[in-house]
Amino acid sequence: MASFEETFTQPKTTVPNKNSGIIGYDVPEGVDIRGRYDPAFSKILTRGALQFVASLQREFRNHIKYAMECRREAKMRYNSGGLPGFDPTTKYIREGEWVCAPVPQAVADRRVEITGPVDRKMVIDALNSRAKVFMADFEDALSPSWENLMRGHINLRDAVNRTITFHDQARNKVYKLNDQTAKLFVRPRGWHLPEAHIFIDGEPATGCLVDFGLYFFHNYANFRKTQGQGSGPFFYLPKMEHSREARIWNNVFERAEKWVRIEKGSIRATALIETLPAVFQMNEILYELRDHSVGLNCGRWDYIFSYIKTFQGHPDRLLPDRTQVGMAQHFMRSYSDLLIHTCHKRGVHAMGGMAAHIPIRDDPAANEAALELVRKDKLREVTAGHDGTWVTHPGLVPACMEVFTNNMGNSPNQIHSMKRQDASILDEEDLLQRPRGVCTLECLRLNTRVGIQYLAAWLTGLGCVPLYNFMEEAAAAEISRVQSWQWLKYGVELDGDGLGVKVNLDLFGRVVEDEMARIEREVGKEKFKKGMYKVACKLFTGQCTTPVLDDFMTLDAYNNIVIHHPIGSSRL
């Protein structure tokens, strides 16, 4: 895994007008703001908030660096033929009879959760969607430009204060919050992502500490009064690979609680199990977060991405078409079942996966067919024992809510009624069973189209992109990238065309050319010309053909959205 200093090279720099009269942010010693100055942003980037973020960075940066080094060492083991598995040194945790702290009443019922970026209208729509929870996302659903991040914090502050409104000028309509809204959870970025617009002691801040720190500092008090019923704030924690990373989060939470003098265990978080190594650490992750945990979530798209990435050095573990890797695959079903058993044994929620479909408004028959697939998936989840599920679009909330309510009745969750003791026997062989299926040219084409179009949107500030009747986030583009890389590296033979064609650079080049032409036809010449499709194509193809697989596509692409301003900070 390349460090940020190795990956990040030349940010764009703007030259200010000498007569503009711009003043900088009031920052504490050692903090340098390199993002654009805006008076509205300065109400988020206050001296007190920056002192809090800087204190977190200074206290935990070495722990984070060590955790990232451990990730690199594990990657070397896997690339040398090793397999992830249960840690014998923590067997006492897995076999112990401990439980997590009781779930706060405010979040006992989570049967449908909606996710999305921190865009202003999205925040209002999601909170008004009649879902039980809205997960506001600074991670996979957000392109982390300076503008998006700062406006996202403004939007969440206004949402917590219940002052948020949005005026749609085209429709001359004003959107505001209903009396009854979803509970707000916030997902910061993963440990590996930097925030290059804020430097602390000469190095980029850790992105998730910026996300967590600014949101917590400004909103903890009002949130606990209005939404948390005395608890909170509430968070989702992404991309962890080991319990040592959960331990850092637990220590961050305790530090934050002490800073503002609230009771230990007030902050609550759900950890996403979306990496293959983490599935072997679920008990340990919950144990580290036991005073602050409200469960685990099946982040199944990222989990598929992680499966390919973990086994990038294993030619005997090639993933078939992405459309064939669903929850019917034994390794995926085992992951879900073991997560339910683990969570319920420890007294917390076991959240299901994402339904990424979006309504097909111009084709009622196709829309109903898609909804029926969603209903079947959610029925599988609730009958397996999940306590809730995810959707990306408000239009899916009623159908998913109906499925869970029909099967759960008035019970807010299934923590105590569905122990899934049968899943306790699942072992490493179950969790690592090779997926079955074929590799097709159509999947290579789809991966190319989705990857390029997602990146093109991400580069222009959109992290949540509707493509082919799905709302795609970074995880979908990551699957597209790493699967294309894997098939190229090992010269996968494509099935289904009767020719036995193998994937190679020549074939991939023709596919890219064809799919770029198709994208231009689909979006129109004018949009194609004005968009970032050619830049995205260069980035995507470069990452698919590189000899060494990049850990994350967005680390490389991040260079393209960072803009440094010479005037940013001042110490008054």
Side-chain angles (χ1 to χ4, degrees), residues 4 8 11-61 64 118 120 136 138 142 144-161 163-164 186 188-189 193-224 233 252-253 255-262 267 461 558 561-572:
F4 174 72
F8 183 69
K12 298 175 185 175
T13 302
T14 64
V15 179
N17 183 336
K18 293 181 180 179
N19 299 317
S20 64
I22 293 176
I23 62 171
Y25 297 101
D26 177 16
V27 300
E29 190 69 33
V31 177
D32 183 15
I33 305 295
R34 302 187 181 184
R36 181 180 73 84
Y37 176 80
D38 187 298
F41 299 174
S42 69
K43 294 179 181 179
I44 298 297
L45 297 167
T46 62
R47 179 180 282 267
L50 291 170
Q51 283 177 332
F52 177 58
V53 171
S55 74
L56 295 178
Q57 179 76 16
R58 288 166 179 150
E59 184 168 348
F60 297 108
R61 60 188 166 200
I64 298 167
V118 287
R120 196 165 184 87
F138 283 100
L142 188 79
S145 68
W146 182 243
E147 302 294 317
N148 283 350
L149 290 167
M150 290 300 102
R151 296 200 185 282
H153 280 289
I154 291 169
N155 297 339
L156 294 187
R157 178 202 63 194
D158 293 350
V160 171
N161 293 342
T163 59
I164 189 170
V186 172
R189 284 168 281 183
L193 291 169
E195 178 42 62
H197 299 96
I198 300 178
F199 276 60
I200 297 174
D201 301 332
E203 62 183 20
T206 303
C208 61
L209 294 183
V210 173
D211 302 337
F212 167 83
L214 293 178
Y215 173 75
F216 177 83
F217 183 88
H218 288 292
N219 298 292
Y220 78 91
N222 277 349
F223 183 92
R224 289 162 61 78
V252 168
F253 293 161
R255 183 73 179 86
E257 289 163 342
K258 288 180 182 177
W259 184 282
V260 299
R261 298 179 182 177
I262 59 177
I267 298 170
Y558 188 48
I561 64 170
V562 173
I563 302 174
H564 283 173
H565 288 248
I567 296 177
S569 305
S570 65
R571 296 176 186 85
L572 303 178

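None of these values were measured; they are calculated from a predicted model. Worth knowing before you read on, the calculation uses all heavy atoms, side chains too, and leaves out hydrogens, waters and symmetry mates.
- Pairing each heavy atom of Ala49 with each of Leu214, the nearest pair is CB-CD2, 3.9 Å.
- A donor-acceptor pair is defined here as one N or O able to donate and one able to accept, closer than 3.5 Å; no such pair exists between the side chain of Asp201 and the backbone of Arg58.
- The minimum heavy-atom distance linking Gln57 with Pro204 is given by the pair NE2-O, 3.9 Å.
- Here the side chain of Glu257 pairs a donor or acceptor atom with the backbone of Ile267 at under 3.5 angstrom.
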Please evaluate residues Phe138 and His153 with respect to the criterion ring pair (Phe, Tyr, Trp, His ring centres under 6.0 Å), reporting the C-alpha separation (whole Å), side-chain torsions for both, the decisive distance (0.1 Å), and the verdict. CA-CA 9 Å; Phe138 283 100; His153 280 289; 4.6 Å; yes
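- Smallest separation of non-hydrogen atoms from Ala136 and Val118: CB-CG1, 3.8 Å.
- Under the ring pair (Phe, Tyr, Trp, His ring centres under 6.0 Å) criterion, Tyr215 pairs with Phe235, sequence neighbours left out.
- Closest of all the heavy-atom pairs between Ala54 and Ile200 is CA-CD1, 3.8 Å.
- Atom CG in Leu50 sits 9.0 Å away from atom CZ in Phe217 (nearest 0.5 Å).
- Separating the NE2 atom in His218 from the CD1 atom in Ile44 is a distance of 4.5 Å, to the nearest 0.5 Å.
- Here the closest non-hydrogen pair linking Tyr25 and Arg36 is OH-O, 2.6 Å.
- Here Phe216 contributes atom CZ and Phe223 contributes atom CZ; the two are 11.5 Å apart, rounded to the nearest 0.5 Å.
- The ring pair (Phe, Tyr, Trp, His ring centres under 6.0 Å) test with Trp146 singles out one residue from His197, His564, His565, and that residue is His197.
- The minimum heavy-atom distance between Pro194 and Tyr558, with the atom names listed, is O-OH, 3.6 Å.
- Note that the OH atom of Tyr220 and the CD1 atom of Ile262 stand 7.0 Å from one another [nearest 0.5 Å].
- Checked by atom type and distance alone, the side chain of Asp26 never pairs as donor or acceptor with a backbone atom of Arg47 at under 3.5 Å.
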